[in-house]
Amino acid sequence: MSPLVALREAPFVVFDTETTYFDGVNRLVEIGAVRITWGKIESHFTQLVNPGCPLSKETARLTGITQSMLQKKPTPTEVIAQFLAFAKDAVYVAHNAPFDAAVLRGVDTWKDHEAQNGSLIIDTLRLSRRLYPSFPRHGLDQLMHLFGIMVTPRHRALPDALATARLFHLFLTNLTDQYNVKNIEELVGFMTRPKRQVS
């Protein structure tokens, strides 16, 4: 996609992952995503994944996902292939994107895609820090509370992706209205510029 595509016309896929957190191994157990154009949800994707290793008790407690729920689910390679087909030609968005990117890099399908297409993921955490430097914290829970966004259940991939999509649209509206950011190139520039340059 051209970096000059207008933000109001660009397709974005906002996604979230849940992972194992077990014995230093952090593998994918769920991915959820919504495909949006200027805040309008066009479709969604969600899939549990068999990580091939145990879940931590923390993951089970936080998400409600259990080992038995994953036993007959597809492998990470199969699921990421489906996700890439769903996200075709869109710009990726995630909250705390380096975490999700690191999880996906554990899957060969994603590594091959990244090698061919680059690794751009718009990070709503970085955008929040630049847009709202006075906020004490920029975690998804804190931002949802501040902006009055509610989804259920929490700490599952699709609802968290939906919450992130709503935040992202608020951020895009602010960027276009307050900073005259008009296209993907300018969005990336705003996200990556040194923090001191943001007024």
Side-chain angles (χ1 to χ4, degrees), residues 1-18 28 30-49 79-101 103-104 110 113-114 117-132 135 138-192 198:
M1 179 183 299
S2 168
L4 300 181
V5 172
L7 294 180
R8 290 180 177 273
E9 300 173 1
F12 294 96
V13 165
V14 187
F15 73 96
D16 183 73
T17 61
E18 302 298 338
L28 184 68
E30 186 178 41
I31 187 166
V34 289
R35 189 179 180 100
I36 62 172
T37 301
W38 195 247
K40 180 181 179 181
I41 296 175
E42 298 174 340
S43 54
H44 68 272
F45 175 88
T46 182
Q47 181 61 60
L48 289 168
V49 184
V79 171
I80 295 305
Q82 296 168 5
F83 172 64
L84 290 171
F86 169 79
K88 184 178 180 181
D89 299 327
V91 178
Y92 295 94
V93 180
H95 195 77
N96 192 17
F99 172 85
D100 295 284
V103 173
L104 294 181
W110 178 266
H113 164 79
E114 195 173 56
N117 299 280
S119 57
L120 173 62
I121 303 176
I122 302 298
D123 188 357
T124 51
L125 176 61
R126 294 186 71 177
L127 286 177
S128 180
R129 286 171 174 165
R130 283 157 174 74
L131 284 167
Y132 311 104
F135 285 5
H138 297 265
L140 186 57
D141 284 328
Q142 290 76 34
L143 292 174
M144 288 174 61
H145 175 74
L146 286 167
F147 288 102
I149 294 171
M150 298 181 63
V151 296
T152 55
R154 280 303 326 280
H155 304 295
R156 291 294 301 266
L158 183 58
D160 285 1
L162 178 59
T164 302
R166 291 175 178 170
L167 283 172
F168 182 56
H169 183 59
L170 290 172
F171 295 172
L172 287 187
T173 302
N174 193 336
L175 285 163
T176 56
D177 292 348
Q178 301 295 322
Y179 296 92
N180 198 33
V181 172
K182 300 180 293 297
N183 56 46
I184 294 171
E185 181 179 61
E186 292 175 355
L187 171 62
V188 174
F190 184 92
M191 182 181 73
T192 57
V198 178

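One is the number of the first residue; the rest follow in order along the sequence. Computation of the quantities below employed the complete heavy-atom set of this structure, encompassing side-chain atoms and omitting hydrogens, waters and symmetry-equivalent molecules.
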Rounded distance (nearest 0.5 Å) linking atom [atom1] of [X] with atom [atom2] of [Y]:
| X | Y | atom1 | atom2 | result |
| --- | --- | --- | --- | --- |
| His169 | Asn174 | NE2 | CG | 11.5 Å |
| Thr192 | Asp123 | OG1 | CG | 11.5 Å |
| Asn183 | Glu9 | CG | CD | 10.5 Å |
| Leu125 | Arg130 | CG | CZ | 9.5 Å |
| Thr17 | Ile80 | OG1 | CD1 | 9.0 Å |
| Phe15 | Phe83 | CZ | CZ | 5.0 Å |

Is there a side-chain contact between [X] and [Y], using heavy atoms and a 4.5 Å cut-off?
| X | Y | value |
| --- | --- | --- |
| Arg154 | Val151 | yes |
| Ile31 | Leu48 | no |
| Asp141 | His155 | yes |
| Val91 | Val5 | no |
| Leu140 | Thr164 | yes |
| Asp100 | Ile121 | no |
| Ser2 | Glu185 | no |
| Met144 | Met150 | no |

Distance-only polar pair, side chains of Thr124 and His95, donor-acceptor under 3.5 Å: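 Yes, because at least one side-chain N or O of Thr124 sits under 3.5 Å from a partner of the opposite role on His95.
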Closest heavy-atom pair and its distance - [X], [Y]:
| X | Y | answer |
| --- | --- | --- |
| Val34 | Ala165 | CG2-CB, 3.6 Å |
| Ala161 | Gly32 | CB-O, 3.6 Å |
| Phe190 | Leu131 | CZ-CD2, 3.9 Å |
| Ile184 | Leu7 | N-CD2, 3.8 Å |
| Ile122 | Ala97 | O-CB, 4.5 Å |
| His138 | Ser128 | ND1-OG, 2.7 Å |

Is there a donor-acceptor contact under 3.5 Å from the side chain of [X] to the main chain of [Y]?
| X | Y | answer |
| --- | --- | --- |
| Thr176 | Thr173 | yes |
| Glu186 | Lys182 | yes |
| Asp16 | Asp160 | no |

Set of ring-ring contact (aromatic ring centres under 6.0 Å, His included) partners for Tyr132, sequence neighbours left out: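 Expected list: Phe135, Phe147, Phe171.
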The criterion is ring-ring contact (aromatic ring centres under 6.0 Å, His included); which residues satisfy it with Phe168, sequence neighbours excluded?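 With neighbours one apart ignored, the set is Phe12.
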Flag the pair Arg156 and Glu30 as a salt bridge only when some basic side-chain nitrogen lies within less than 4.0 angstrom of an acidic carboxylate oxygen.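 Looking at Arg156 and Glu30, the cut-off is met.
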Please state whether the rings of Tyr92 and His113 are parallel, tilted or perpendicular, taking 30° and 60° as the class boundaries. perpendicular
Can you list every pair that meets side-chain hydrogen bond (donor to acceptor under 3.5 Å, both in side chains) and has a residue in residues 31-41, with sequence neighbours left out? Thr37-Glu42
